[in-house]
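Just so we're on the same page: letters track the sequence lines, and every chain starts at 1. These numbers were taken from a predicted model, which means no experiment stands behind them. Quick note: numbers below take in every heavy atom, side chains included, and nothing from hydrogens, waters or symmetry partners.
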There are 2 protein chains.
Amino acid sequence: MKKNPAITAQTRQNLTDAFWQLYSSKPIGKITIKEITAKAGYNRSTFYEYFTDVYDVLEQLENSLISKLQEVPMQQLSSSGDPFPLEALIRLYSEHRQYLTILLGDHGDPAFQRRIKASIKPLMKETLVVQGAKDGFELDYTLEYALSAMIGILSYRFNQENAPSIEDLTSLLGELSSEGVIGKLMGLRE
Amino acid sequence: MKKNPAITAQTRQNLTDAFWQLYSSKPIGKITIKEITAKAGYNRSTFYEYFTDVYDVLEQLENSLISKLQEVPMQQLSSSGDPFPLEALIRLYSEHRQYLTILLGDHGDPAFQRRIKASIKPLMKETLVVQGAKDGFELDYTLEYALSAMIGILSYRFNQENAPSIEDLTSLLGELSSEGVIGKLMGLRE
DNA sequence: TTAAATCATACGACATATTGTCGGATAAAT
DNA sequence: ATTTATCCGACAATATGTCGTATGATTTAA
């Protein structure tokens with residue numbers, strides 16, 4: 001008998017959903033398998049047919065999310081003449097906001113932030129090198145700098161109550177990218 | 001009989017040290033109290049005289065670290081005419097590198113990064129406002145941007161094998177602060 | 001078309017590990 | 001000698017991971 005992908009996929013999804021509900025409100029170390037299966041409506045043993053432990057659920061979830069993130073930016077990241085694809089990154093974050101705010105939030109996974117950067121950086125690097133940029137420590141660290149700032153800002157913005165509009169944010173980020181932090185701070189002095 | 005601060009402080013420290021050894025190599029959710037007390041040479045029950053659970057150890061450790069970080073930058077952050085205290089932040093990170101690389105690393109605590117920013121940002125903001133900067137969304141987000149980038153870069157640098165020298169890094173960060181990411185990326189084109 | 005065989009899916013039960021909370025042993029200070 | 005801070009041993013409750021097995025759907029053969 002062949003596996004029935006429809007059924008197993010559904011069960012896997014139910015378990016993952018239940019995990020995600022819990023993970024949204026508390027750190028992974030305080031989530032028990034009993035809680036997950038109870039919420040999803042399965043026997044606790046069934047969990048072990050799909051995952052090895054609680055961390056495994058998160059890992060598989062992150063993998064599929066990283067894959068999705070990889071699909072989109074390929075074109076967008078390299079399209080415009082802009083050396084830094086500000087709006088594409090904002091759009092990317094907004095589209096997956098539901099997961100990213102949690103994974104990058106207070107009891108999210110720090111390793112995930114590194115993985116995101118590691119998956120986007122080579123794409124951007126390639127594009128820039130083709131455009132004539134010198135590939136070395138400076139390029140690598142400049143991209144690390146920019147991506148860290150972007151992720152930090154977007155996580156901050158999407159967790160905030162009275163958040164500024166996307167337009168205002170985009171405009172500010174554009175200024176920071178071209179003027180630099182110091183330029184902006186000097187400009188804020190009257 | 002009065003409490004003997006010397007003894008309890010020592011026990012607390014031993015337990016914290018043992019916890020830290022474990023935390024340096026695996027996520028907090030996989031650390032058991034049994035492991036901690038075994039490594040520190042105490043009975044498991046003794047742990048509960050000092051901490052409520054494993055997360056409590058981390059929390060107390062973070063609190064004392066945040067306090068230490070608060071002490072230093074007060075003067076340094078507001079001293080120079082520079083609107084952004086690049087070198088002070090690099091020095092601050094280097095001094096507490098041992099803890100920061102772990103806490104900001106792959107199985108560190110995302111909430112800690114937010115806490116660091118939240119503790120440093122008001123100090124910087126105050127200084128800048130005194131110097132005439134307008135206090136609003138732009139200032140707040142600019143600082144969030146800069147601190148995210150700094151923390152991201154420094155964590156990256158201090159986890160790297162063949163890391164660039166502090167001088168090269170300082171120089172690059174200076175350029176990024178004054179030229180912006182785009183300015184730097186344009187400059188890298190030959 | 002029907003009936004039997006087969007196998008994927010989910011479950012119940014077991015042994016072991018971890019947790020949190022007692023009351024009590026020990027040793028040091030008064 | 002008495003008191004009490006510090007640490008420990010033992011207990012009940014909960015969580016973990018791994019079995020073998022029931023169920024029910026699909027395949028195979030009559």
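- Summarising the geometry, the separation between CG on A:Asn43 and C1' on D:dA15 is reported as 14 Å, rounded to the nearest angstrom.
- At least one donor-acceptor pair under 3.5 Å links the side chain of B:Thr127 to the backbone N or O of B:Leu123.
- If you check C:dA10, C:dT19, D:dG17 against the side chain of A:Asp53, the one that comes closest is D:dG17.
- The side chain of A:Tyr50 approaches C:dT9 more closely than any other nucleotide in the set C:dG20, D:dT18, C:dT9.
- In this entry the distance linking OH of B:Tyr55 with P of C:dG20 reads 12 Å, nearest Å.
- Between the NZ atom of B:Lys30 and the C1' atom of C:dA17 there is a distance of 16 Å, given to the nearest Å.
- Applying the 3.5 Å distance criterion, the base of C:dG20 shares a donor-acceptor pair with the side chain of B:Arg44.
- Between the P atom of C:dT18 and the CZ atom of B:Phe51 lies a distance of 20 Å, rounded to the nearest Å.
- Evaluation of atom-type donor-acceptor distances gives no pair under 3.5 Å for the side chain of B:Ser45 against the base of C:dG20.
- A straight line from CD1 of A:Ile33 to C1' of C:dT18 spans 13 Å, rounded to a whole angstrom.
- Side-chain polar atoms of B:Tyr141 and A:Gln160 form a donor-acceptor pair below 3.5 angstrom.
- The residue among A:Glu49 and A:Ile31 whose nearest nucleotide of DNA chain D lies closer to the 5′ end is A:Ile31.
- For A:Arg12 and A:Phe51, the positive end sits near the middle of the six-membered ring, less than 6.0 Å away and at most 45° from its axis.
- With rounding to whole Å, A:Ile36 atom CD1 is found 11 Å from D:dG17 atom P.
- Whole-Å rounding puts the A:Gln10 CD to C:dA10 P distance at 10 Å.
- Closest approach to the B:Lys34 side chain among D:dG9, C:dA10, C:dT18 is made by C:dT18 (side chain taken as heavy atoms from C-beta onward).
- Distance OH (A:Tyr42) to C1' (D:dA22): 18 Å, rounded to an integer number of Å.
- Counting only distance, with no hydrogens or angles, the side chain of B:Ser171 and the backbone of B:Glu167 share no donor-acceptor pair below 3.5 Å.
- Side chain of B:Arg157 to backbone of B:Leu169: no donor-acceptor contact under 3.5 angstrom is found.
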